[in-house]
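Everything below concerns the one structure shown next.
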4 protein chains.
Amino acid sequence: MTRNAGSHGPTTAASIRRVGLKLIYEHGFNAMSLRQLAAEVGLQPASLYNHIRTKQGLLFGLVHDHMLALLEQSAQALAAAPQGDPVGRLRAFIAHHLLYHMEKKREVYIANFELRSLEPANYRIIVALRRTYEERLIALLEEGVAAGVLDVHDVPVTAYAILAMLTGACTWYKPEGRLSKPEIVALHTDLVLKGCLRTAEAPQGRGPDLSKLTGQPPLRRGNRPTPPAAGHEAPA
Amino acid sequence: MTRNAGSHGPTTAASIRRVGLKLIYEHGFNAMSLRQLAAEVGLQPASLYNHIRTKQGLLFGLVHDHMLALLEQSAQALAAAPQGDPVGRLRAFIAHHLLYHMEKKREVYIANFELRSLEPANYRIIVALRRTYEERLIALLEEGVAAGVLDVHDVPVTAYAILAMLTGACTWYKPEGRLSKPEIVALHTDLVLKGCLRTAEAPQGRGPDLSKLTGQPPLRRGNRPTPPAAGHEAPA
Amino acid sequence: MTRNAGSHGPTTAASIRRVGLKLIYEHGFNAMSLRQLAAEVGLQPASLYNHIRTKQGLLFGLVHDHMLALLEQSAQALAAAPQGDPVGRLRAFIAHHLLYHMEKKREVYIANFELRSLEPANYRIIVALRRTYEERLIALLEEGVAAGVLDVHDVPVTAYAILAMLTGACTWYKPEGRLSKPEIVALHTDLVLKGCLRTAEAPQGRGPDLSKLTGQPPLRRGNRPTPPAAGHEAPA
Amino acid sequence: MTRNAGSHGPTTAASIRRVGLKLIYEHGFNAMSLRQLAAEVGLQPASLYNHIRTKQGLLFGLVHDHMLALLEQSAQALAAAPQGDPVGRLRAFIAHHLLYHMEKKREVYIANFELRSLEPANYRIIVALRRTYEERLIALLEEGVAAGVLDVHDVPVTAYAILAMLTGACTWYKPEGRLSKPEIVALHTDLVLKGCLRTAEAPQGRGPDLSKLTGQPPLRRGNRPTPPAAGHEAPA
DNA sequence: AATGAATGAGTATTCATTCAT
DNA sequence: GATGAATGAATACTCATTCAT
C-alpha cells in the first residue's frame, strides 16, 4: 500500500488546528493571538488566511468537530451495548464519556469554556449539538426508570449532575497521574450507579423523599415542562 | 422606617465592582473592556483608576472576596452541624455549597472560569484558598469513612467528583426555574449520599470493587502520594 | 480683550481636520491613511480617536460642514440680491458659486470626488443637501423663464450644465494663476447669461429649436416627471 | 449566418478588462481589490497575473485605450465636418464629445476620477493625451474667433468651461432617462453656441465687457503666458 | 474624585504580488 | 493558463494605563 501524495506528515492546515487547539486551551480564545499562532506554526500571520477564514472560524471548526466526534463515539458506545440492559447501557455511556473526556481533554475544555466566544449563530449550532448529547443520557435514565432498575428523583437534573461530575474528571486528569483510566472509570461508574440504582429497601430510608418535600410527583420526560438549560448563557 | 445615613445608594467603588462582576460574567475577563465598565458606571475610563489599581486588581479582588466568603460560609455551616454526625455534617456541607453557588452564580462562575486570567502570584493565592476549601470536603469524607458510615473508593477523587457535580448546578440554575432551591438541594443530597453511604448489603453487588480492579487498597489521605491538581493549569 | 485659554493657536481637533482635508484632497480618502494623518499632526495614531470617531466620521464631518457652508453662503448671496430681478439674482448665484468654489477648492473637490467613499447613510444625507443646493439654481432659472427674461430648453438639465461648468473652474483655478477671481467670475457670468438670456431675435436663428427636435414642449418644473439624478451613483 | 471561429465569447483577458472597468467605476481604483476582480471573473487572484502586469497596469491600460479612442473619434468627427465652417465644426465636436461621453460613461468617469491613482509616469502620458484633446477644442474656438463668427473673452478658459459642462452630462446621463441623446446634444449645443456666437447687437449689452474689467485685451493663443493646468494635480 | 488627551503595544484582517507546481 | 500557498507591508481600530489639570 503506497502513501498518498499529500499524507506524508502534517499538512499546514492540520498544524494550524493543532497549535490553535493548544493555544486556545492554554491562554483562552480571546487571549490567544493569531500572531502567536502563526509564529508557532512557522508562518506569517497573513498566511493563516489561506487555511482559515477567520479566528472565529478556527474556534468554531475545532468545537464543531469535537461535538460531532463526541456524538459519533457515544453512538458507537451505545450501539455496542446490549439493547435490553439499561444499566449496561448506562455503564457504557459513562465509560465512553470519561474516556473521551480524558483523551480529548483540550477539546472538551475549549468546547465548555469558550462557548461564550462563539458568535451567536455558531453558538446556537454548538448548543443544539450539546443538547442532543445530553438527551442521550436523559433517554438512558428514562429507560432505566421505566424498566424499574433506576430510581432518580428528577431525570434531567440528575443527568446534568452526572454529566457535570464526569466532565469534571477531565479537569484534573493527567495521563501520568496516580489513577489509571480504568480506575477512574470504575470509580465514577460505581458512584453514579450507587446514586441511581433502585434498591430493594425503601430509598426513603437513606435519603429524603423528594415527592414528600415538594408535594409533586417526580418528573419524567413526559411531564417535564421546560428542562433547565445547561451551560452558560449565550452572549447578548 | 427611616433610611440609614450612610446607606443612600452604592458608592462609586461598589458600583465598579458590581458592574465589573456583571461584565466579566457576561463577556469574560479578556473580552470585557474597562471602557465598557466605565461607561456602564457613568465614568470616564481614566476615573476608574481612582478606585481600582488595575484591571487585574479588579478581577483578583472579586475572586478573592468570593473565596473568603465561601470559606467563611462553609465554616459557619459546619459549625452549626452536630460534631459527632459525619453524615449530618456532609449534608450541611452539600446544602451550603449548593445554596452559595446558586446565590452567587456569577462570582462562582468567574472564580472557576477566569482563574487562568489571574497573574501567577494571584493565581497561586486563589488556588491555595480553593485547595483549603476542597480539603474541608475531603476531611468530611474521611471522617465518614473512619466512622464506618461512608464507603468511597478514593476519597479525594470522590470529593472532586462531588464538587464538580454540585458546582455544575449553578451553571443552569435560575431563580425562576422549574425547581426550587430546597428541591435542588434535596435531589443532589440524595444523589451524593446514595453514592457514598455504606450499605448493609455487600456493595460489590452493585458496583465494581475498585480494590479488586487495581490491586491496591483504597486510598485515604494518609497514603495519597500526589493529589490530583483540581482545576485548570495556570498560564505559563 | 483677553484671549481665551483654549484659543491660543489651533486646537488638536482643528489640526486633524485641516490636515485631514489636505491629505484626502491630495491622495484620496482611501489612499490616505490615519497613520499619515497622525504623523502630520504630530500624534500617535491612537490619539486621533480622542477627536474623531472613525475615519469615515472624519470624511463625513468635512463634507457635511462644507455643504452647510455652501448652502449658507448661497442663501446670503441671494438674500443680498434684489428680489424682483431674476437676472441679477442669477448673477449673484454664479458669483457666489465661483467664489466659494475657488476659495474652498479642496472641500469642493472632496465633496464631489469622495461622495462614493461615504457610507450609505452618510451618502444619503450629503446627496440630499446637494439636491437642495441644485434646486436653488433650478428655482432661479424658473423664475427667469417665468419672468420672460431667460430662455432655456430644459431647466434642470441646463442647471446641471451650468453647475458642472462653474464647478469645473475650481479644478484648475490657482490663486497665483493668470486670471484673477473677478475676471473668472465675469467670464463665466457672461458665458452663462449669453447662453440663457432671452434674445429679441428668434433664438432658432442661432440654435436648434429643441421642441421641434423632440416634438415635446420644453420641460419646466411643472411637468418634469423624474429629474435626472446628478452626480455619481451610490455604492451598492 | 455562421459564427466566426475566433469570436466564441470574450477571452479571459477581455473579461478582466471588462470586469475591472466595472469595479473601478463602482468602487474606485483604490477601494477595488484584485481578489474581487478575480472572483467576478472566475479566477484565483494569482491567475490574473497571466493577463495583467500589475493592478496599476490594468488601470493605465483602460485609461490609455480610452484616451486613444476619444482622440480617434474626435478626429473622425472633425474630418467629417466641412473644413470652412467653424461653427459647423464646433457643433460636430460638441456632438461627438457628448455622444462619446454618454456611451462610455464608465471609461470617462475613470479617466477623470482616477487620474490621481496613476503612477507619475503613467499620469504624465495620460495628461499629455488629454491636453492634446483639449487643444482641439481650443483650436476650434480660435478658428471661430479668427473667422469672426465666435466671440469669447478667453479662449482656453472658455474651452475648459465648455468641456466641464459637456463632460458633466455623462455624470447623470442614463439610457433610460427622460431625455434622449439627440435632445441632450441639441440642448447643450444650443447652450454653448449661444454663449460663444458673435451677435449682431453689442454683446456688452448683455454681459460685462471683460476687457473693460481687466484692462487687458482678450487673451488668444498667441499671448497666453501660462495656460491653466486643467484637472487635478498629480500625487507628489 | 473626575477628566480630556495622550500613548505604546497590540488586534484581526486585507492587500498586491510572487512562485513552484 | 491556472492555482494554492506564502509573504511583507499595511490597514483601521482598541486597549489598559498615565498624567496634568
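Residue numbers begin at 1 in each chain, while the letters A, B, ... track the order of the sequences.
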Dump every N/O contact between nucleotides 6-10 of chain E and the protein below 3.5 Å, one line per pair.
{"unit_1": "dA6(E)", "atom_1": "OP1", "unit_2": "T12(C)", "atom_2": "OG1", "d": "3.3"}
{"unit_1": "dA6(E)", "atom_1": "OP2", "unit_2": "H51(C)", "atom_2": "NE2", "d": "2.6"}
{"unit_1": "dA6(E)", "atom_1": "N7", "unit_2": "N50(C)", "atom_2": "ND2", "d": "2.7"}
{"unit_1": "dT7(E)", "atom_1": "OP2", "unit_2": "Q44(C)", "atom_2": "N", "d": "3.2"}
{"unit_1": "dT7(E)", "atom_1": "OP2", "unit_2": "S47(C)", "atom_2": "OG", "d": "3.1"}
{"unit_1": "dG8(E)", "atom_1": "OP2", "unit_2": "Q44(C)", "atom_2": "NE2", "d": "3.1"}

Rounded to whole angstrom units, what separation is found between the OH atom of Y49(C) and the C1' atom of dT11(E)?
12 Å
If pairing requires Watson-Crick or G-U wobble contacts with both distances under 3.5 Å, which nucleotide is the partner of dA9(F)?
dT14(E)
Which nucleotide, if any, forms a Watson-Crick or G-U wobble pair with dA20(E), using both distances under 3.5 Å?
dT3(F)
Between C1' on dA9(F) and CD on Q36(C), what's the gap in Å once rounded to a whole number?
14 Å
Rounded to the Å, how far apart are K55(B) NZ and dT17(F) C1'?
12 Å
Quick one: are L59(B) and N122(B) in side-chain contact, heavy atoms under 4.5 Å?
no
Nearest-Å distance, CG (L37(B)) to P (dT17(F))?
12 Å
Whole angstrom is fine here: how far is it from CD1 in I52(D) over to C1' in dA16(E)?
9 Å
Could you give the CG-to-P distance, from L34(C) to dT14(F), as a whole number of Å?
11 Å
Relative to each other, are the rings of Y109(C) and Y25(C) parallel, tilted or perpendicular (30° and 60° limits)?
perpendicular
Reading DNA chain E from 5' onward, which residue's closest nucleotide shows up sooner: N30(A) or R53(D)?
N30(A)
Under 3.5 Å, side chain of K55(A) to main-chain N/O of F29(A), donor-acceptor pair present?
yes
For the pair made of CE in M32(D) and C1' in dC15(E), what is the distance, rounded to whole Å?
13 Å
Using a strict 4.0 Å threshold on nitrogen-to-oxygen distance, state whether K22(B) and E40(B) make a salt bridge.
yes
Salt bridge or not between R116(D) and E114(C)? Use side-chain N to carboxylate O under 4.0 Å.
yes
Y49(B) and T54(B) have their tightest heavy-atom pair at CE2-CA, 4.4 Å
Does dA1(E) have a Watson-Crick or wobble partner in any strand here, with both distances under 3.5 angstrom, and which is it?
none
Counting only N and O atoms by type, is there a donor-acceptor contact under 3.5 Å from the side chain of S47(D) to the main-chain atoms of L43(D)?
no
